[in-house]
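The structure appears right after this line, and notes come after that.
For ligands, and for the atoms within them, numbers begin at 1 and follow the listed sequence. Every value quoted in this text rests on a predicted model; they were computed, and no experiment measured them.
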Amino acid sequence: MRSELHTPTESAGSKIPFVDLPAQIRSLQPELDQRVQEIISSCSFIQGPAVERFNKNFLKIHGGAFGVGCSNGTSAITVALRALDIGPGDEVLIPNHTFFGTAEPVVEVGATPVLIEIDTEYRQIDWTAAAAKVTAHTKAVIPVHLYGLPEPMDQVMAFARQHGLRVIEDCAQAHTARWNGRPVGTFGDVATFSFFPAKNLGAFGDAGYILTQNAELFDFIARYIDHGRQEKYVHEFFGGNFRLDALQAAILDVKLGKLLVWSERRRELATIYNELLAGFQVLKPRALATPVYHLFVVEVSNRQAVMEHLQSQGIGCGIHYPVTLNQQPAFKAYGYKSGQFPISERMVERILSLPFFPEMTLNQVERVATEFLRVAKP
Ligand SMILES: *Cc1c(COP(=O)(O)O)cnc(C)c1O
């Protein structure tokens, strides 16, 4: 298996991008062209067969009961909160270390985001810290399967039951990841996905998906994203326009055919990185998790020097994310400031995302690791 990853053409000086979207697109070009042309010819740009087809196919691959495409991963969370009737006066628990888009929808619906510290080992929600933040107003928790590493869903659901909370799983980075053999997103009340271009499954623009096991919630969600209607000009309630474009649905449907293979390759590449970078703190999936590694994140004490060296060698890298939520200017309004979350604040000064994409060759992984090891300090 691994020898297939070797390409003898990889030379020492060639550039290694952080993510290689052009390579992915090239591998699917004829099919993408055909499906896009079909949409253009049909002029069925809003709703229609391409959207229905992708809605079904994503659900099939993900194992949920009900699901529908939507405009993006952030609005997916907004819609989920609306479906669960969360609004002014309510508090929602979210991890302090995640993309800002996890938090915005909570504010959008008028509720209050309550930040939770992460643990030192798995870098996910610390459930003891979470319990200390529960009040009479707490209505929901948003576990985030960040980097494609599943949160411990048995523990999450037990926590939610104990405190009477609803659960929205933010699966923006975790398409087809599993917890104890079962797909993430099928545990909570609602799950949300992003198809931002660089995500594990990416559109050619913005797109997202909302999944639920609950028929009643789905009935609301499906109408909410389409102006609160069931019939064309009969609007039963005030929703909005959060629909998935037909063009994006067609593109996503082509890429979906590769998603399981890409996820497997991500696990394989991460295993190799892990072996090569022994001695450094890297992402650690829990024992019952089947991760899908959205990114490959390693921690170093001399990040600036490592980044400069990698860049000088033509190797891309990034930081996901350089600022914790409590340190974001926007969170000042909620009384948050620097120094309140020592574990996540320290982590974001140490994390570095190395080049990582399913089309990456073993030689590329080895070259990144070699250059990284020349400079990096744990
Ligand atoms: C990408 C992302 C989002 C937001 O998705 P968009 O489609 O960009 O709106 C939310 N949460 C997490 C964890 C993400 O990675």
Sub-4.0 Å atoms of ligand 1 with respect to non-hydrogen atoms of Asn72: 7 (O), 9 (O)
Is it the case that ligand 1 has an N or O less than 3.5 angstrom from some N or O of Ser194? yes
Sub-4.0 Å heavy-atom approach of Val144 to ligand 1: yes
Taking C-beta and beyond as the side chain, do Thr74 and Glu108 meet within less than 4.5 Å on heavy atoms? no
Any side-chain heavy atom of Gln124 sitting closer than 4.5 Å to one from Lys284? no
Flag the pair Glu359 and Arg26 as a salt bridge only when some basic side-chain nitrogen lies within less than 4.0 angstrom of an acidic carboxylate oxygen. no
heavy-atom search around atom 15 (O) of ligand 1 in the protein gives Gln173 NE2, 2.8 Å
If you scan protein heavy atoms around atom 10 (C) of ligand 1, the nearest is Asp170 OD2, 3.7 Å
4.5 Å side-chain heavy-atom contact, Val134 and Phe159: yes
If you measure every N or O of Phe99 against every N or O of ligand 1, does any of those distances drop under 3.5 Å? no
Find out whether Gln327 and Phe341 are in side-chain contact, i.e. whether some heavy atom of one side chain is under 4.5 Å from a heavy atom of the other. no
Please work out, at 4.0 Å between heavy atoms, whether the side chain, the backbone, both, or neither of Lys199 comes within that distance of ligand 1. side chain
Suppose I only count heavy atoms of Thr102 and a 4.0 Å limit; which atoms of ligand 1 are within that range? 11 (N), 13 (C)
Under 4.0 Å between heavy atoms, the region of Thr192 that gets near ligand 1 turns out to be neither
Would you call Phe187 and Asn180 a side-chain contact if the rule is heavy atoms closer than 4.5 Å? no
Tell me the contacting part of Thr74 for ligand 1: side chain, backbone, both, or neither, using a 4.0 Å heavy-atom threshold, strictly below. both
How about NZ on Lys332, more than 12 heavy atoms from neighbouring residues, nucleotides or ligands closer than 6.0 Å, or not? no
